[in-house]
Protein chains: 2
Amino acid sequence: MQEIENFLVQKEIRPTAMRLLIYKFMAQKSVASSLNELEQAFEKSERTTLYRTLKTFEKKAIVHRIDDGTGIAKFALCEDTCNCELGTDLHLHFHCTRCNETQCLTEQKIPHVILPKGFKATDANLVVKGICNKCPSC
Amino acid sequence: MQEIENFLVQKEIRPTAMRLLIYKFMAQKSVASSLNELEQAFEKSERTTLYRTLKTFEKKAIVHRIDDGTGIAKFALCEDTCNCELGTDLHLHFHCTRCNETQCLTEQKIPHVILPKGFKATDANLVVKGICNKCPSC
DNA sequence: AAAGACGTGCAACTCTTGTGCATTAACAGG
DNA sequence: CCTGTTAATGCACAAGAGTTGCACGTCTTT
């Protein structure tokens, strides 16, 4: 917990109780969290607080927003060295259609695609859907 | 117009006036359309009708829904031979952050990615963001 | 301790998407 | 051409996620 506090301070984020708890919660999960999940996990807190906390985390680049195609935004912690840059940091996201969880596959970077003349890429998002390694695929 | 009617009938879709117009409208556009755009283009018609028409088209596999990360669903006509299958039909979508248009790059198929053991892919979505060929990139 | 900046909780609102139901239009059979 | 069945349309309404304004509380700085 002390570590998290130090980390937040280092990132210029005030280490309030809520923020510590939210960060800890996300760090312990291996899959991305939606606003709704956090709301359930912290029933005593307000949706708005969670919402703004995530926004702050996102701005300070310690979490990234994931659009997995479900229409519900998910959030996951960034890796230490992440700058969310195309070609280096941007990894693919896997959405399991069985357990409905979304996770980062940080090892799998988004492959380089050759765009037609005149197109210039600055960002990319690759979501693969299917069955994850925790769900029986039979 | 007669061609469109034949096409719809062949796909088991009743060729009502609205459907013909909507199909024609989408065929003339090179970029994907949102529900909102269609609403503006057909002010005399109802949102619900457009919504349900798109849903019908989607079910009959003559349009596909595009999630470009803006949170607003876009729709574009499928190619004749399209089955929306991974590895053959699924192409990438390009979202221009300048003109805010989304288009299909049907030539650019989604590259094959090697997933970790235990993962099984059935679908994928790749959205590249940047500046399109119609916007000045300077 | 006071002042200012920042975080939190509450309420209300927007925008997109979706549903129920009555009405209207399209198609098939006589 | 008329009629009955089926499907499409129009209207009202609702659900859900995301967002903002405002008041209040807490923390930091001096």
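Lettering follows sequence order; numbering is per chain, from 1.
Between B/I131 and B/C96, the closest heavy-atom pair is CA-SG, 4.0 Å. Contact detail for A/V9 and A/P15: the closest heavy-atom pair is CG2-CG, 3.7 Å.
Taking five base pairs at each end of the helix from C/dA1-D/dT30 to C/dG30-D/dC1 and finding the rotation axis that steps the C1' atoms of four pairs onto the next four gives two axes whose angle is 30°, to the nearest 10°.
Atom CD of B/E12 is separated from atom C1' of D/dA7 by 14 Å (rounded to the nearest Å). If you measure from atom NZ of B/K60 to atom C1' of D/dA8, you get 13 Å, rounded to the nearest angstrom. In this entry the distance linking CD of B/E46 with C1' of D/dG10 reads 5 Å, nearest Å. Atom pair B/L21:CG and D/dT9:P shows a separation of 11 Å (rounding to whole Å applied). At whole-Å resolution of the value, CG in B/L20 and C1' in C/dA25 are 14 Å apart. Rounded to whole Å, atom P of D/dC11 lies 12 Å from atom CG of B/L50. Across the protein-nucleic acid pair, A/E37 atom CD and D/dG16 atom C1' stand 16 Å apart, rounded to whole Å. For B/E39 and D/dG10, the CD to P distance is 12 Å, given to the nearest whole Å.
Panel note: side chain A/T56, backbone A/R52; a donor-acceptor pair is recorded below 3.5 Å. Judged by distance alone, the side chain of B/T122 and the main-chain N or O of A/K129 form a donor-acceptor pair under 3.5 Å.
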Heteroatom pairs (N/O) under 3.5 angstrom, protein to nucleotides 23-27 of chain D:
none

Where do N or O atoms of nucleotides 16-20 of chain C meet protein N or O atoms at under 3.5 Å, pair by pair?
unit_1 : atom_1 : unit_2 : atom_2 : d
C/dT16 : OP1    : B/N36  : ND2    : 3.4
C/dT16 : OP2    : B/N36  : ND2    : 3.2
C/dT17 : OP1    : B/A73  : N      : 3.0
C/dT17 : O4     : B/R47  : NH1    : 3.1
C/dT17 : O4     : B/R47  : NH2    : 3.4
C/dG18 : OP2    : B/Y51  : OH     : 3.2
C/dG18 : O5'    : B/Y51  : OH     : 3.0
C/dG18 : O6     : B/R47  : NH2    : 2.8
C/dG20 : O6     : B/R52  : NH2    : 2.9

What pairs of nitrogen or oxygen atoms, one from the protein and one from nucleotides 2-4 of chain D, lie under 3.5 Å apart?
none

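Using a 4.0 Å cut-off between charged side-chain N and carboxylate O, A/E101 and A/K134 make no salt bridge. With respect to A/E37 and A/K29, a salt bridge is recorded, a charged nitrogen being found less than 4.0 Å from a carboxylate O.
To the nearest 0.5 angstrom, A/L38 atom CG is 11.5 Å from A/K74 atom NZ. Considering CZ of A/F75 and CD1 of A/I66, their distance stands at 9.0 Å, rounded to 0.5 Å.
For B/R19, the listed nucleotide lying nearest its side chain is D/dA8; candidates were D/dA8, C/dC27, C/dT8. Side chain of B/T49, nearest nucleotide from C/dC27, D/dT9, C/dG9: D/dT9.
A/T102 and A/H95 share a side-chain donor-acceptor pair at under 3.5 Å.
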Show the atom names and distances, to 0.1 Å, of all donor-acceptor pairs under 3.5 Å that link a side chain in residues 16-26 of chain A to residues at least two apart or in another chain.
unit_1 : atom_1 : unit_2 : atom_2 : d
A/T16  : OG1    : A/R19  : N      : 3.4
A/R19  : NH1    : A/R14  : O      : 3.2

Problem - Audit row: B/N36, B/S34, side-chain hydrogen bond (donor to acceptor under 3.5 Å, both in side chains) steps and yes/no - result: CA-CA 5 Å; B/N36 217 321; B/S34 70; 5.7 Å; no

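Residues B/L126 and A/L105 fall within the same hydrophobic cluster, defined by Ile, Leu, Val, Met, Phe, Trp and Tyr side chains chained together at heavy-atom separations under 4.5 Å.
Remark: A/K60 engages no residue in a salt bridge (charged side-chain N to carboxylate O under 4.0 Å, His left out) (not counting sequence neighbours).
Taking the six-membered ring wherever Trp is involved, the centroid distance between the rings of B/F94 and A/F119 falls below 6.0 Å.
Here A/T56 lies out of heavy-atom contact (under 4.0 Å) with every strand.
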